[in-house]
Amino acid sequence: MKVRVGLITASDRGAAGTRRDRTAEAVREVLAVTGWEVERYEVVPDERPQIVAALLRMVASGLHLVLTTGGTGLGPRDVTPEATAEVVERTVPGLAELMRQAGLRSTPRAALSRAIAGTRGSTLILNLPGSPRGARESLESLIEVLPHALELLAGRVVDCGAERE
């Protein structure tokens with residue numbers, strides 16, 4: 001399955017063009033290991049309506065995986081999880097838990113992440129941290145399960161291989 005990936009960076013400075021998006025570069029490097037590439041990329045300010053609109057555009061374009069970076073902390077402008085919650089139809093808490101668990105191996109600050117994961121239709125949406133290191137660690141923690149998750153969402157996996165009595 002060729003995975004179509006979208007990336008949204010939520011950053012006031014990035015949207016204003018005053019900050020280089022090093023986190024997007026880190027995400028692209030991790031994806032390259034899987035052979036996946038970012039097909040669509042947007043930078044939006046830390047504004048809930050603009051994040052929601054970007055997510056909906058990407059889902060409507062038929063992407064399988066949409067990653068967001070930034071806006072997952074406790075700051076007053078950190079609204080990416082709320083925007084994502086407005087868009088997703090089903091949450092996938094285990095993926096967010098796995099990302100936080102991986103981050104905690106590097107820093108106790110990972111516990112402050114409010115990132116969520118969820119689906120809309122057959123698109124998986126994941127909130128990654130805004131730091132290059134945090135985004136890299138989070139995405140790397142999911143690389144083994146993402147192909148299976150995306151196959152399930154696409155309706156391509158009937159038997160998950162679980163033992164049945």
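Start at 1 with the first residue, then count along the sequence.
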Checking side-chain contact (heavy atoms from CB on, under 4.5 Å) against Val30, which of Leu128, Leu139, Leu67 comes through? Leu139

So do Pro132 and Glu25 actually touch side chain to side chain, heavy atoms under 4.5 Å? no

In Å and rounded to the nearest 0.5 Å, what is the OG to CZ distance from Ser122 to Arg156? 9.0 Å

Can you find a pair of side-chain heavy atoms, one from Arg13 and one from Asp21, that are under 4.5 Å apart? no

Suppose we screen for side-chain hydrogen bond (donor to acceptor under 3.5 Å, both in side chains). Which residues come up paired with Glu97, at least two apart in sequence or across chains? none

Same cluster or not: are Leu112 and Ile116 linked, directly or through other Ile, Leu, Val, Met, Phe, Trp or Tyr residues, by side-chain heavy atoms under 4.5 angstrom apart? no

Got more than 12 heavy atoms from elsewhere within 6.0 Å of CD, Glu89? yes

Could you list the residues that satisfy side-chain contact (heavy atoms from CB on, under 4.5 Å) with Thr123, not counting sequence neighbours? Val59, Val66, Ile125

Of the non-hydrogen atoms in Ala10 and Ile51, which two are nearest, and what is the gap between them? CB-CD1, 3.9 Å

Thr68, Thr72, Asn127 screened by side-chain hydrogen bond (donor to acceptor under 3.5 Å, both in side chains) with Thr84, the one that passes: Asn127

Looking at side-chain heavy atoms only, is the closest gap between Gln101 and Leu104 below 4.5 Å? no

Identify, with sequence neighbours excluded, every residue that meets side-chain contact (heavy atoms from CB on, under 4.5 Å) alongside Val92. Leu95, Ala117, Thr119, Leu124

Consider only side-chain heavy atoms of I, L, V, M, F, W and Y, link residues closer than 4.5 Å, and tell whether Leu63 and Leu152 are in one cluster. no

Could you check whether any side-chain heavy atom of Arg48 comes within less than 4.5 Å of a side-chain heavy atom of Glu86, counting everything from C-beta outward? yes

Taking every heavy atom of Gln50 against every heavy atom of Pro45, the minimum-distance pair comes out as OE1-CG, 2.8 Å

Under 3.5 Å: donor-acceptor pair, side chain of Ser113, backbone of Ala115: yes

Is there a path from Leu31 to Leu7 through hydrophobic residues (I, L, V, M, F, W, Y) whose side chains come within less than 4.5 Å of each other? yes

CD on Glu39 to CG on Leu65, rounded to 0.5 Å: 11.5 Å

Applying the 4.5 Å side-chain criterion to the ILVMFWY set and letting contacts propagate, would Leu98 and Leu153 be lumped into a single cluster? yes

Determine whether a donor-acceptor pair (N or O, by modelled atom type, separation under 3.5 Å) exists between the side chain of Asp46 and the backbone of Asp78. no

Working note: His64 + Lys2, criterion side-chain contact (heavy atoms from CB on, under 4.5 Å); need CA distance, chi angles, decisive distance, verdict. CA-CA 9 Å; His64 302 111; Lys2 180 186 181 321; 6.0 Å; no

In short, side chain to side chain donor-acceptor pair (under 3.5 Å) pairs touching residues 27-37 with sequence neighbours left out are Glu29-Arg136

Side chains of Thr69 and Thr9: any donor to acceptor distance under 3.5 Å? yes

Do you know which two heavy atoms are closest between Ser11 and Arg19, and how far apart they sit? OG-NH1, 3.2 Å

Under 4.0 Å between a side-chain nitrogen and a carboxylate oxygen: does that hold for Arg105 and Glu137? no

Determine yes or no for a side-chain-to-main-chain donor-acceptor pair under 3.5 angstrom, with Ser131 supplying the side chain and Gly134 the backbone. yes

Is Val43 reachable from Val87 through a run of I, L, V, M, F, W or Y residues, each pair having side-chain heavy atoms under 4.5 Å apart? no

Scanning both residues in full, the closest heavy-atom pair of Met58 with Arg40 reads CE-O, 3.7 Å

Under 3.5 Å, is there a donor-acceptor pair between the side chain of Arg114 and the main chain of Gly73? yes

Can you give me the closest heavy-atom contact between Ala135 and Val27, atom names plus distance? CB-CG2, 4.1 Å

How close do Arg100 and Ala110 get, counting heavy atoms only, and between which atoms? CG-O, 3.7 Å

If the condition is side-chain hydrogen bond (donor to acceptor under 3.5 Å, both in side chains), which residues does Glu47 pass it with, not counting sequence neighbours? Arg77

Residue set satisfying side-chain hydrogen bond (donor to acceptor under 3.5 Å, both in side chains) with Arg120, at least two apart, ordered chain then number -> none

